[in-house]
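Right, one structure below, let's go through it.
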Amino acid sequence: MENNCLYICVPCYKEEEVLPETAKRLKAKVASLMDAGKIALDSKVVFINDGSTDRTWEIICRLHEEDKLFCGINLSRNRGHQNALLAGLMTAKEYADMIISMDADLQDDIDAVDAMVDRYLEGYDVVYGVRSSRETDTFFKRFTAEAFYKFMKMMGADVVFNHADYRLMSKRALEGLSEFTEVNLFLRGLVPQVGFKSTSVTYERHERFAGESKYPLKKMLAFALEGITSFSVKPIRLVTMLGLTIAAISVLFLIWSIVVKVTGNSVDGWSSLMASIWLMGGLQIFCIGMIGEYVGKIYMETKQRPRYIIEQFLHD
Ligand code: UDP
Ligand code: MG
């Protein structure tokens, strides 16, 4: 067979409620692609258990027993979505020609898989899944998520708008990705850096059919900060500009106070003094924090810690 072995990688964290249904739907999808002769018969679905504390791994083991289409990777502990996904991609690239990553909740329409495979067969190395609308998300989720992409762009991190981690990558694109050794992982920022011919397919995003989001606001904010500080030094530059601007303004104030003194209208400016002390104090702490973010990143990178550890790999 030519190069059309497909592996679908699905990171799972506490997904016992959705896994059986997800497996069923993925199996039907893969079977229809095999029937159409678009993908090789040894294509597989890989579930990566990201240190779940519920029955997720048991379910994956059972699925593997019942049907060799399903494979499983058990991580030694919870490492977060991005690391779990990377573990899956790096393991699967040894076997597959093309790999699609998607979430376990199937919020991303699996029918887009057909279009992705078609694009791959046409010769694209990277195919981004892009959401056409977010109508089924709550207003809050939609608003925060869209603000996230806009903010990322403003801050100089180049990401594909409304694209999450639903994408197809070819084997050689993944070989490229494996050359990036950074510990602070932000895959959707990294993939465009790999290069190769890319395109996108659009799809509708659905509601989670069971279970709840593992990305509450707190994690989303942490993720946004991760994305920005991993991909751009713009915030540091902004801090520098801020410092310069404030310094310039303070010179104007100095001139003004001298003028006031000379003209004899000297006032006991206690309140303005207090206000400026607080303003400056706040700004300084903020700027130090901003720089600290980067120093922290450097610290983490220098340690060169493994990004994931695989405890068990079910595959045959
Ligand atoms: N996930 C993971 N590790 C984590 C958190 C989430 O592997 O620590 C997986 C989760 O099982 C799902 C995907 O990442 O397959 C996306 O999570 P979720 O659907 O909760 O995020 P949302 O769609 O709400 O942004
Ligand atoms: Mg989801």
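All ligand and atom numbering here is 1-based and tracks the order in the structure. None of the values given here were measured: they were computed from a predicted structure. Numbers for residues simply follow the sequence, beginning at 1.
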>> To make sure I understand the geometry: which N, O or S atom in Asp105 is closest to the Mg ion (ligand 2)?
In response: OD2
> Distance from Ile48 atom CD1 to His81 atom NE2, nearest 0.5 Å?
Replying inline: 8.5 Å
>> For a quick check: using heavy atoms under 4.0 Å, what are the residues in contact with ligand 1, sorted by chain and number?
In response: Pro11, Cys12, Tyr13, Glu15, Asp50, Asn78, Gly80, His81, Asp103, Ala104, Asp105, Gln107, Lys141, Arg205, Arg208, Ser213, Lys214, Tyr215, Lys219
> Between CG of Leu187 and CZ of Arg167, what distance do you get to the nearest 0.5 Å?
Replying inline: 6.0 Å
>> Are there over 12 heavy-atom neighbours, none belonging to Lys29, within less than 6.0 Å of that residue's NZ?
In response: yes
> Only one of Asn83, Asn74, Asn78, Thr56 forms a side-chain hydrogen bond (donor to acceptor under 3.5 Å, both in side chains) with Asp50, so which one is it?
Replying inline: Asn78
> How many angstroms lie between CD1 in Ile99 and NZ in Lys44, if you round to the nearest 0.5 Å?
Replying inline: 13.5 Å
> With a distance cut-off below 6.0 Å to the six-membered ring centre and an angular limit of 45° from the axis, does Lys197 pair with Tyr124 as a cation-pi contact?
Replying inline: yes
>> For a quick test of reading the model, state the closest non-hydrogen atom pair linking Phe70 to Leu63 and the distance between them.
In response: CD1-O, 3.8 Å
> Is there an N/O/S atom in Asp103 at a distance below 2.8 Å from the Mg ion (ligand 2)?
Replying inline: no
